[in-house]
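All figures in this text were calculated on a predicted structure; none of them were measured in a lab. Residue numbers begin at 1 in each chain, while the letters A, B, ... track the order of the sequences.
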Amino acid sequence: MTAAWWPAIAVLVLASPAALAATQVNGEYQLMMQLRKDLRAFPWDFDSNDGAVGNPFELRLLSQPRAGAEAFLKVQAQWNPGDNNRLRPEFQYRESHLKFRREIRANGFETYLFSRQRRFWVDNYLVRFVDDREATGVRLNSWGFWGMNASFIVGDQSNQLDPANLITNYADRYGMPREFVPRDSLVAQARMRTDDLYVVRLRREFLKERRLRVGFTWNRYEGWSGRDSVSDRGPWNSVTGFDTRYRWGDTDIAFEYGFSRQREGDASDLELSVLDHSTGVRIPDRSVLQAEVRSVRIGTVRTGYIAITPQWWARGPLYQNSLGGPGSDEVGFNIQTYYLLPERAVTLSHQLSGYGAKNDSRRRRVKDSYYEIYVEFINGFTGKSAYRRRDQHERDRQEELKDSFLSWTNELQVESRLAYLRVQSKLQNIGRPDHKQLFVIEDRINLTDRLKIYNRFALGNDPQRLRKGVFTQLQFRPTGSMEMFLQYGPDNIGGGSNPVEDGNLAGSGDQFDELKFILKGSF
Amino acid sequence: MTRTERGTSVLPGLGGRIGPALVLALAMAMAAPARGAPTKVDGGIQFTYADPNAASVTWAGEFNGWNATANPMAKGGDGTWSIVMPLPPGKHQYKFVVDGQWIADPENGVTAGDYGNSVVTVGADGALVAQRASSNTPYSPKITIGGRAIGLYQGVYSGRFDRIEVTRPTFDLDLGVGVRISDALEAAVVLNVNPETEDVQDYRSRLNFKRGSLTLTQPAFQLRAYDSESIGTWDDPVHLVGDIGPFHHPWGFQRQGAQFIAHPLGSDVEIQFSDNFNQDETNSDRFLGYRIDNFPTFQIPEGSSPRFVFASDPVGSAIGLLRTVDAGGGYAMAFDQAAKVSTLDFGDNGKLFGFGDNFEDVFAARARRELLPGLTLGVLGRTDRGFGLGRLVLAEPVADSTVRVVTALYDQQWYGGGLEAAWVFRPGMRVWGELLAGARRMNFVNGSSEVFFPVDSIRSTGVLVDRAAGIARSIDGEHRITDRSLRWVVGGAWTFAQGDIGLRAELERESHRYPAWTQEPIIPAGLPPDDHARFETVEFQRAGYLNASADLENAMTTVRFQWDRNWRYYVGREVKTTLETEWIAFDYDPRTSWEHQLWFPTGSFWLDHGGHRAGIDRLTVLGEERAIRVRPRLEIPVWEQRHGRVVWMATLSGVDLDRQPRYAESIVQLGADLTRTVRLQSDVRWVKYDAPTLSLGGGYLSQFTEAVVRIAPDIQVSLGVGIDPWVLDPNINEYAYIGRDVFLNQRNANGFIAETNYLSLAPQIRAAEQALQDERRIQIEAIVRF
């Protein structure tokens, strides 16, 4: 009956009795206006909203229809002329996931079906067998079963596929109108032509107080050759890794080993050495080995303690890991040392590392020393002074190159309820033609709890150029969900968490006249 | 052909994987309180929360000072937690605390406050005061938010690379927003994100509008305006509106329109108007911008089908096609002929000719009333206008010395209507009938004219006319009928033995009369069907348009019989059998072009042109004078404590009962609960072809097995192996049992190939079936409704 149909035509997805669970929609909106002087022909003229402005409107939907189940979606409208040939913003897909979690006493599992999210994190320690990355896929975590923590991940780099280009290229190749391209078949096949990623991570603790931890990692990368024919054979690569850690008193001894398999490359052996001395041990060239003893502590309460952490690694020249690290063809060591002066708030630290390639035709050795003193003064002042020296030695049949890089960094910092001040300086590449002097002062004055002024003055000088970065910002946060900024100057010069190390200051960034007003709200 | 199992499911509790049964669920949700909604019982108000997996559930609210531990709920055998709270009169906000998480009562749509607390109101007598669901969000009591998220991740085995390749996953999210604007007016929209439906990188895929409606409800009538929303299928015996395409879609999708329903004088009246302009490639403006005198000519791209013959001098070409006959001592024009040069239809979505076919306006109306107890009589009609844009150049001899050439631009129109009747003369016994008559016509527009040319000379090779002396007459606004059709159906059904036995029989006839010139040139009678593009030659056209004054008459007579039996009385369990049979007899004029056969939509008003309805089993019997289809079905519950079920269903298609079926398909479904939340189910299809005229033979097997974890009634995760027969129907965006059909259809085993490239049909079916058999696929699918 027609009459029986009419109630059904509302919104199908709205209905069903269980659709009444709470669903949250939240997000944020930012509007930015800009005046900039350096892009116009006349020095007195300001250019407005030159494209370096962002006005994102982000919407997030989070629904938990049942305990242990969750759906999440994020879309964003961004003013971005030229993208998708749209002059006005449109809501575009950003990320989403479905999550299912179940816990029974100490055991449980959790599944993510994710799209465009970073869900590849696993508990690597010494060797990064798996890097986190954005992809689309399925991840299953479990814990407690047989005392084991496990993660299984299958992913797909679906962002590599651009169906529009695929169709255009096909049409161009065969000289046919784009509309005649057999879209269903072509795109359906192409859906497979993106990189596939697989990860397994298992971990279990043994012995009393869980002193021994044993882990296993396996990954496999199935590559896409990048060409647009399904018959292209892509590269693949797989890594199997084992890691152990044993706690002996306060000291952890870690040992990790992994080997790779891939299509190309010949197998040979890697000779292991410690500080350039052969051990007589050889392992496959596709292996990687790393060991660490974390914090051998020497000293007494009276003399203070020295904590030493030595680390050593060997990486075969044919080792390859498309889903993580480390690099190949390197043998090296690293020794970190800390000394806390007794009855003084002073910390001395030193780090010595050396590494180099053994099997390359071009031999390379690097030695890196870092010395730091950190002092906590009274009234909230802290100070830090660090010296670093890096010596490089490279040699092949034609030439031999020795080089040294020296730097010296100083910092003084203080913060109170009313204000914050940090002064940093750095001499970089001391004694070299490209030496630099970098200097930054930043301060923040809290006029009220809601109204603050932030200033930063940065200088970067080298024989070629004197760079400047003057930035001042009036910050107003009337509520916890809204903030306003009125600012002058480029915010990116010296803008990092450690301003003297900022690439824009040491590189090519320089001052220009810019005024920005930013309004942000979240809901 | 596999069949759509509407309303039944191998997955109890999910209504066919949240499929069409959702529609009914919605109707129920709007009409009645939810199953587990708070209820008045002795001692107070009973609250329930269904979650067999939860370790602890407590009730917390204003009444107990939001204490999360004071009132633990008790778990029942079915996994439902419940508690009776002695609430005093007044409004009470509350939530459930499920394993430490605060959850609003999913069965109570009345919420309030910033945190979306559930609300019940207790009256002075201790009973619950009914309240309309306000919202499921903390934002506004007028707004309801809901949706469905699907994650589908598949790996397909690649024999070439000897490995599983993970496909670009599908993440499909519907976000629905309902707004109760007033008690009389409601709005609803659905937005959708699905990177797989757009030809862009996934991050550029958009949050798109999917559907929307505005509904005004008054005591005397209901008015709904909608955009791509399900309006339903009319329940008259031939389904004059709706039941579209091979998957029987309801009316309303891909259309924008309005529906009016009223009940004046005890009758049911429905009026519909809709337009499909919301589809892309709508280029009718461009077409209407042309007149006949500035109409462009088209170059047919190299490699394209030559079926569209449109020369730079179409009038000359048409006259040149006229045939002459030896009259003894000279030649004369053969009468009863018409020579046509045209495309009958530019409806290719503007791809080749630049004009769309999508601005079809549909108007339909019906009224019916119960005249006597049990006897209902109705009238109904429908017209479709504005589709099939095209250009016609038609040359006809009108006398010995004159040739008339119609040169016109046209759009096309269907119109038809008739009567329906139903009589329930005894409980369980019902008969019905419907009679519809209709026509299709070309409406001439934009400078169309007919030109009378005097004949200069008549030779054996053709007719020469004086082109300069032609006398033109405007025919704008005139029309020509291209199809007169008649359709009637009578039937009856009888249900008895407490509903255990059902019988249904139906007789239907559909007939069409076409002017001969409407036919594309076809193969001569007696030859097997072929790609008609082969016959687009001048000589063949000359032969094809003879006897223009004699219309073609085609008819199809169908007899259907269905028997349903529930054997519970004999075996003590719900064992059900069904047998459907259908006989069809065709009566074709041999001049009928292939695409005007009755199973093809271009030849039939009643089959909603645009969708190719002939399923793969029908393709094996095309061109025959008779067709028969038998569909038995058997359903047996086994291992009842585990909700086990075995279903066998088959489709046998052929031309006669005593001959081998050309298409024999069997599907076996098995399913049983492994645990309370995990169900294992399998679906196997085996098909055998035996169609020598198509060079089609051999058997093919495909299977799908999955383990389904039901986390909650509307949430499930499944791990499957094989081609899933339950897939999202892209048109209606709901699950349907069409997965294999879609797979075969996408690989060219479909009616469109049968119509346009019949010679390629058998290889395409073979390749598609082989691909279905060989496909090795593993998938994880999660469905969450919220």
Side-chain angles (χ1 to χ4, degrees), chain A residues 1-3 5-23 25 61 63 65-69 71 73 75 84 90-94 96 98 100 102 104 111 113 115-116 136-138 154 156 158-159 161-164 167 179-180 184 191-192 194 196 222 231 233, chain B residues 22-23 25-27 29-30 34-35 53-54 98-99 101 103-104 106-107 109 116 136-137 144-149 151 153 165-169 171 173-174 176 178 188 190 193 199-202 204-207 229-232 235 270 351 711-715 717 746 780 782 784-786:
Chain A
M1 293 288 291
T2 303
W5 275 94
W6 72 258
I9 70 160
V11 182
L12 294 184
V13 297
L14 286 179
S16 109
L20 299 172
T23 297
V25 175
L61 179 134
S63 184
R66 300 277 171 171
L73 168 75
V75 293
N84 268 2
E90 57 185 7
F91 274 105
Q92 291 185 342
Y93 177 55
R94 286 295 170 267
S96 57
L98 296 174
F100 307 97
R102 187 169 175 195
I104 308 157
T111 304
L113 285 80
S115 174
R116 297 182 48 73
T136 295
V138 181
V154 177
D156 179 80
S158 56
N159 57 338
L161 177 64
D162 183 352
I167 289 171
E179 291 78 10
F180 287 141
D184 286 349
R191 290 176 71 210
M192 291 194 284
T194 46
D196 299 341
E222 296 278 5
S231 60
R233 199 175 164 94
Chain B
L22 177 62
V23 172
L26 169 59
M30 298 181 74
R35 223 171 337 113
N53 302 324
V98 181
D99 294 337
Q101 295 188 53
I103 304 276
E107 313 296 354
N136 62 354
T137 73
T144 305
I145 294 177
R148 181 193 61 199
Y153 298 78
E165 294 181 288
V166 180
T167 66
R168 184 162 101 144
F171 205 98
L173 192 136
D174 279 341
V190 176
V193 172
D199 283 342
V200 294
Q201 289 136 297
D202 50 9
R204 287 185 173 180
S205 53
R206 288 159 283 234
L207 180 65
E229 184 57 279
S230 172
I231 296 298
D235 63 349
E270 178 174 347
K351 289 185 173 63
I711 293 166
D714 292 312
I715 301 171
V717 182
Q746 285 182 343
I780 293 176
V784 175
R785 291 177 49 80
F786 52 89

Distance-only donor-acceptor check, side chains A:T194 and A:D156, under 3.5 Å = yes
Proximal component of B:A54, with respect to chain A [non-hydrogen, under 4.5 Å] = neither
Cut-off 4.5 Å, heavy atoms of chain A, and the answer for B:D99 is neither
Checking heavy atoms, do the side chain of A:L61, its backbone, both or neither come under 4.5 Å from chain B?
-> side chain
Interface check, chain B: of A:G68, A:S115, A:S96, most non-hydrogen pairs under 4.5 Å belong to A:S96
Among all residues two or more places apart in sequence or in another chain, which pass the side chain to side chain contact (heavy atoms under 4.5 Å, CB included) test with A:V75?
-> A:L59, A:L73, A:F91, B:V193, B:L207
Could you tell me whether the side chain of A:Y93 reaches within less than 4.5 Å of the side chain of A:R116, counting heavy atoms only?
-> yes
Non-neighbouring partners of A:R102 that pass salt bridge (charged side-chain N to carboxylate O under 4.0 Å, His left out), sequence neighbours left out = none
If you tally heavy-atom pairs under 4.5 Å against chain B, which of A:T111, A:V138, A:I104 wins?
-> A:V138
Main-chain N/O of A:E222 paired to A:D196 side chain as donor or acceptor, under 3.5 Å = no
